[in-house]
Amino acid sequence: MKDLLVAHRLFKSYNQSGNSVQAVKDVSFKIQKGQCLGVVGESGSGKSTLGRLLLALEQPDSGEVWLKDKEIFQLKERELREARRDFQVVFQNPTASLNQRLPVWRSVMEPLNNFPEVCPPFLSDVRHSPRDTAAKLLEMVGLKAAHMDRCPHQLSGGQRQRVAIARGISLLPELLVCDEPTSSLDVSVQAQILDLLKRLQTELGMSYLFISHDIAAVGMMSDRILVMKEGQIVDEFMSNQIMSKDRHEYTRQLVAVVS
Ligand SMILES: Nc1ncnc2c1ncn2[C@@H]1O[C@H](COP(=O)(O)OP(=O)(O)OP(=O)(O)O)[C@@H](O)[C@H]1O
Ligand SMILES: [Mg+2]
């Protein structure tokens, strides 16, 4: 299978009141086209930092990320803006990532408004009309046309995350980074959102970087799993090997907590 993304020897440190904290230490991996790569680890292990690096929201201290044939940290601002259509994100907290004052259909349309020339196949018959386009995207994530004129506070947490997902898929990105997409939600809706993400990934052929501290969720979503601890990858395996005796001690601890 073809590699969509190659991360090579990424290092990222932060200055915290005079001390240097190594958030990501020498991390390398690949994501194949159409694959979901899971990243699991305890709080502070560097998962979100890694996600932000892949999205070029931060610069590494050193290391490279190749998306298709481009090294993203070498891109000029204009090239990076162009490349952004290929990588989108769904964050943990949809309330923070949606504009509270905009009706949700306008939030859904933001990425497409930034890329007027982009028209994914599933939008081909509605792209001429912004409202019809938003309605179609909302329908794809299980919302109704009646939701489109509401503001985020008039929706449930699960519905708000569906709006964020609609926006995340709107450009048909090659890579969708999902950073704890269900951690802010009621347990009862977490499974529905995971099912939705999985279905969209398969139907649309996107690759995911799926970040969670919940190894059960990561196991359900991912083809391959990286386990992070203190900024490093301590274990790496295909998800069907999650119970194998070869697993790192730390992976076993994560599994033991949920089983
Ligand atoms: N902007 C920042 N400034 C300073 N330190 C940071 C910054 N972002 C992250 N860190 C530090 O980097 C380390 C890794 O943080 P990160 O947010 O990547 O962890 P995480 O695995 O996503 O944790 P969580 O599961 O709680 O989301 C932590 O020690 C954190 O305090
Ligand atoms: Mg995080």
Side-chain angles (χ1 to χ4, degrees), residues 5 7-29 31 36-65 72-73 80 87-98 157-158 160-161 164-165 167-168 175-187 189-190 193-194 197 207-222 224-237 239 242 247-258:
L5 180 141
H8 181 65
R9 305 207 62 180
L10 288 172
F11 288 77
K12 176 72 187 175
S13 57
Y14 293 106
N15 189 325
Q16 286 183 355
S17 34
N19 297 320
S20 173
V21 176
Q22 278 284 339
V24 169
K25 282 186 237 174
D26 201 3
V27 166
S28 300
F29 57 86
I31 304 178
C36 177
L37 180 70
V39 179
V40 65
E42 66 200 0
S43 181
S45 56
K47 307 180 298 294
S48 294
T49 305
L50 186 62
R52 288 198 302 273
L53 288 171
L54 294 201
L55 294 160
L57 295 175
E58 304 217 41
Q59 286 281 326
D61 301 336
S62 62
E64 297 169 0
V65 171
I72 62 172
F73 302 118
L80 183 59
F87 44 94
Q88 295 288 312
V89 61
V90 176
F91 286 115
Q92 172 169 349
N93 185 346
T95 309
S97 52
L98 297 173
R160 279 196 288 271
Q161 194 58 301
I165 294 168
R167 193 169 59 174
L175 178 71
L176 188 65
V177 173
C178 304
D179 189 351
E180 306 266 10
T182 59
S183 304
S184 71
L185 305 177
D186 243 47
V187 177
V189 287
Q190 288 184 358
I193 296 294
L194 292 180
L197 283 168
S207 304
Y208 281 3
L209 182 81
F210 182 83
I211 297 172
S212 177
H213 62 275
D214 176 357
I215 199 165
V218 170
M220 185 198 127
M221 290 294 293
S222 314
R224 226 181 137 64
I225 299 176
L226 306 178
V227 180
M228 282 186 81
K229 189 171 194 299
E230 293 164 15
Q232 287 180 302
I233 296 175
V234 294
D235 203 358
E236 185 174 354
F237 50 90
S239 358
I242 202 163
R247 290 290 58 81
H248 188 278
E249 178 57 33
Y250 180 63
T251 311
R252 292 185 203 209
Q253 285 173 22
L254 294 176
V255 171
V257 172
V258 293

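Counting starts at 1 for both ligands and their atoms, in listed order.
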In this structure, does ligand 1 have an atom that sits under 4.0 Å from one of the heavy atoms of Gly41?
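It does not; every heavy atom stays at 4.0 Å or beyond.
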
### Message
Between ligand 1 and Arg52, can you find any atom pair, the residue atom being a heavy atom, that is separated by under 4.0 Å?
### Response
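Under 4.0 Å: yes for Arg52.
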
May I ask you to identify the nearest protein heavy atom to [atom], giving residue, atom name and distance to one decimal place in Å?
atom	result
atom 15 (O) of ligand 1	Thr49 OG1, 3.8 Å
atom 27 (O) of ligand 1	Ser48 OG, 3.9 Å
atom 28 (C) of ligand 1	Gly44 O, 3.9 Å
atom 1 (N) of ligand 1	Tyr14 CE2, 3.7 Å
atom 26 (O) of ligand 1	Ser43 OG, 2.5 Å

Will you find, in the side chains of Asn93 and Ser184, an N or O donor that is under 3.5 Å from an N or O acceptor?
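The criterion, which ignores hydrogens and geometry beyond distance, is not satisfied for Ser184 and Asn93.
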
Hey, is the main chain of [Y] close enough, under 3.5 Å, to the side chain of [X] for a donor-acceptor pair?
X	Y	answer
Gln22	Phe11	no
Lys47	Glu42	yes
Gln161	Phe91	yes
Arg252	Arg247	yes
Tyr208	Leu197	yes

The test is side chain to side chain contact (heavy atoms under 4.5 Å, CB included); show your working for Phe87 and Leu5 and say whether it passes. CA-CA 11 Å; Phe87 44 94; Leu5 180 141; over 6 Å; no

Has ligand 1 got any nitrogen or oxygen that is less than 3.5 angstrom from a nitrogen or oxygen of Asn15?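 Min N/O separation from ligand 1 is not below 3.5 Å for Asn15.
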
Practice item. Before signing off on this row, confirm whether Gly46 and ligand 1 have an N or O atom pair separated by under 3.5 Å. Key: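 Yes; the residue has a nitrogen or oxygen that sits under 3.5 Å from a nitrogen or oxygen of the ligand.
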
Can you list the ligand 1 atoms lying under 4.0 Å from a non-hydrogen atom of [X]?
X	answer
Glu180	25 (O)
Ala23	12 (O), 13 (C), 14 (C)
Glu42	21 (O)
Val21	29 (O)

Given Gln16, Gln92, Lys12, Glu58, which has its nearest heavy atom closest to atom 31 (O) of ligand 1?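 Ranked by closest heavy atom to atom 31 (O) of ligand 1, first place is Gln16.
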
**Asked** Which one of Glu230, Lys47, His213 has a non-hydrogen atom at the shortest distance from atom 25 (O) of ligand 1?
**Response**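 Shortest heavy-atom distance from atom 25 (O) of ligand 1: Lys47.
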
task = May I have all residue pairs that pass salt bridge (charged side-chain N to carboxylate O under 4.0 Å, His left out) and include part of residues 51-64, sequence neighbours excluded?
result =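 Salt bridge (charged side-chain N to carboxylate O under 4.0 Å, His left out) check on residues 51-64 returns Lys12-Glu58, Arg52-Glu58.
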
task = Could you walk me through whether Met221 and Cys178 pass the side chain to side chain contact (heavy atoms under 4.5 Å, CB included) test, one step at a time?
result = CA-CA 11 Å; Met221 290 294 293; Cys178 304; over 6 Å; no

- [ ] Give me the protein N, O or S atoms that fall under 2.8 Å of the Mg ion (ligand 2), sorted by chain and residue number.
- [x]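 Listed by chain and number, the nearby protein N, O or S atoms are Ser48 OG.
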
Practice problem: Evaluate side chain to side chain contact (heavy atoms under 4.5 Å, CB included) for Leu10 paired with Phe73, printing each intermediate quantity in order. | Solution: CA-CA 11 Å; Leu10 288 172; Phe73 302 118; 4.1 Å; yes

Reported CZ-to-OG1 distance for the pair Phe210 and Thr182, which is rounded to 0.5 angstrom: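 Answer for the CZ-OG1 pair, Phe210 versus Thr182, is 5.5 Å.
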
Should Val257 and Ile215 count as side-chain neighbours, where that means a heavy-atom distance under 4.5 Å?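 Not in contact.
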
Practice task
Tell me, with the steps shown, if Ile242 and Phe237 meet side chain to side chain contact (heavy atoms under 4.5 Å, CB included).
Solution key: CA-CA 7 Å; Ile242 202 163; Phe237 50 90; 3.8 Å; yes

